[in-house]
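Have a look at the structure below before the remarks.
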Amino acid sequence: MNVRIPVRLWPIVGRLFTGHVFLYKATDGLIGHRFPGVPPMLLLDHVGAKSGKLRTTPLAYVRDGANYVVVASKGGHPKHPAWFHNVLAGPDVRIQVGARRMTVRGRQATAV
């Protein structure tokens, strides 16, 4: 399924993400980690490669053993999202999964 978010809607999506992050953090993951019918969500804390500012991005994830897997799709946009470039530039990041916070090392998946 290819869901493409039109460019004109990204400002609205950005505001929704801001609200999602706020609720997720304020409730220690009670609100925002799971929604019926969609994969669970985590929060990714990363540092802007150019700005040096701390950023937080909510992302859907799946588990692969002990690994958390996220997809850098940006809603079907042809370019990778900014967080993807930030993680490549500074792979030591923090994630919050529900109430659990941990430091992890991000990397781009490779073909098996």
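Here the structure is a predicted model, which is why all the values come from computation and not from measurement.
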For this session: Compare every heavy atom of P39 with every heavy atom of A60, then report the nearest pair and how far apart it is.
Result: CB-CB, 4.1 Å
Exercise. Could you walk me through whether M41 and R34 pass the side-chain contact (heavy atoms from CB on, under 4.5 Å) check?
Worked result: CA-CA 6 Å; M41 304 288 285; R34 295 194 180 271; over 6 Å; no
Problem set entry | Side-chain heavy atoms of V47 within contact of K53, under 4.5 Å | no
Exercise. Out of curiosity, does F17 fall in the hydrophobic cluster containing L42 (side-chain heavy atoms, cut-off under 4.5 Å, transitive links)?
Worked result: no
For this session: Apply side-chain contact (heavy atoms from CB on, under 4.5 Å) to the pair T56 and H46, showing each step before the final yes or no.
Result: CA-CA 6 Å; T56 301; H46 51 99; over 6 Å; no
Exercise. Listed by chain and number, what are the side chain to side chain donor-acceptor pair (under 3.5 Å) partners of R100, not counting sequence neighbours?
Worked result: none
Problem set entry | Stepwise side-chain contact (heavy atoms from CB on, under 4.5 Å) check, L44 with V70 | CA-CA 10 Å; L44 170 69; V70 295; 5.9 Å; no
Exercise. Between the side chain of D92 and the main-chain N/O of R105, is any donor-acceptor distance below 3.5 Å?
Worked result: no
Exercise. Out of curiosity, H33 NE2 to Y24 OH, how far, rounded to the nearest 0.5 Å?
Worked result: 4.5 Å
Seminar exercise, completed: Tightest non-hydrogen contact, residues V21 and P58, listed as CG2-CD, 3.6 Å
For this session: With D45 as reference, evaluate T57, T103, V93, L54 under the side-chain contact (heavy atoms from CB on, under 4.5 Å) test and give the passing residue.
Result: L54
For this session: Using a 4.5 Å cut-off on heavy atoms from C-beta on, say whether the side chain of D28 contacts that of Q96.
Result: yes
Exercise. What's the verdict on side-chain contact (heavy atoms from CB on, under 4.5 Å) for M102 and I95, showing C-alpha distance, side-chain angles and the deciding distance?
Worked result: CA-CA 6 Å; M102 62 200 99; I95 60 172; 3.6 Å; yes
Exercise. How far apart are the closest heavy atoms of Y61 and V97, and which atoms are they?
Worked result: OH-CG1, 3.2 Å
Exercise. F35: what forms a ring pair (Phe, Tyr, Trp, His ring centres under 6.0 Å) with it, not counting sequence neighbours?
Worked result: H20
Exercise. How many angstroms lie between atom CH2 of W83 and atom CG of L59, to the nearest 0.5 angstrom?
Worked result: 5.0 Å
Exercise. For the atom pair CG (L43) and CZ (R101), what is the distance rounded to the nearest 0.5 Å?
Worked result: 8.5 Å
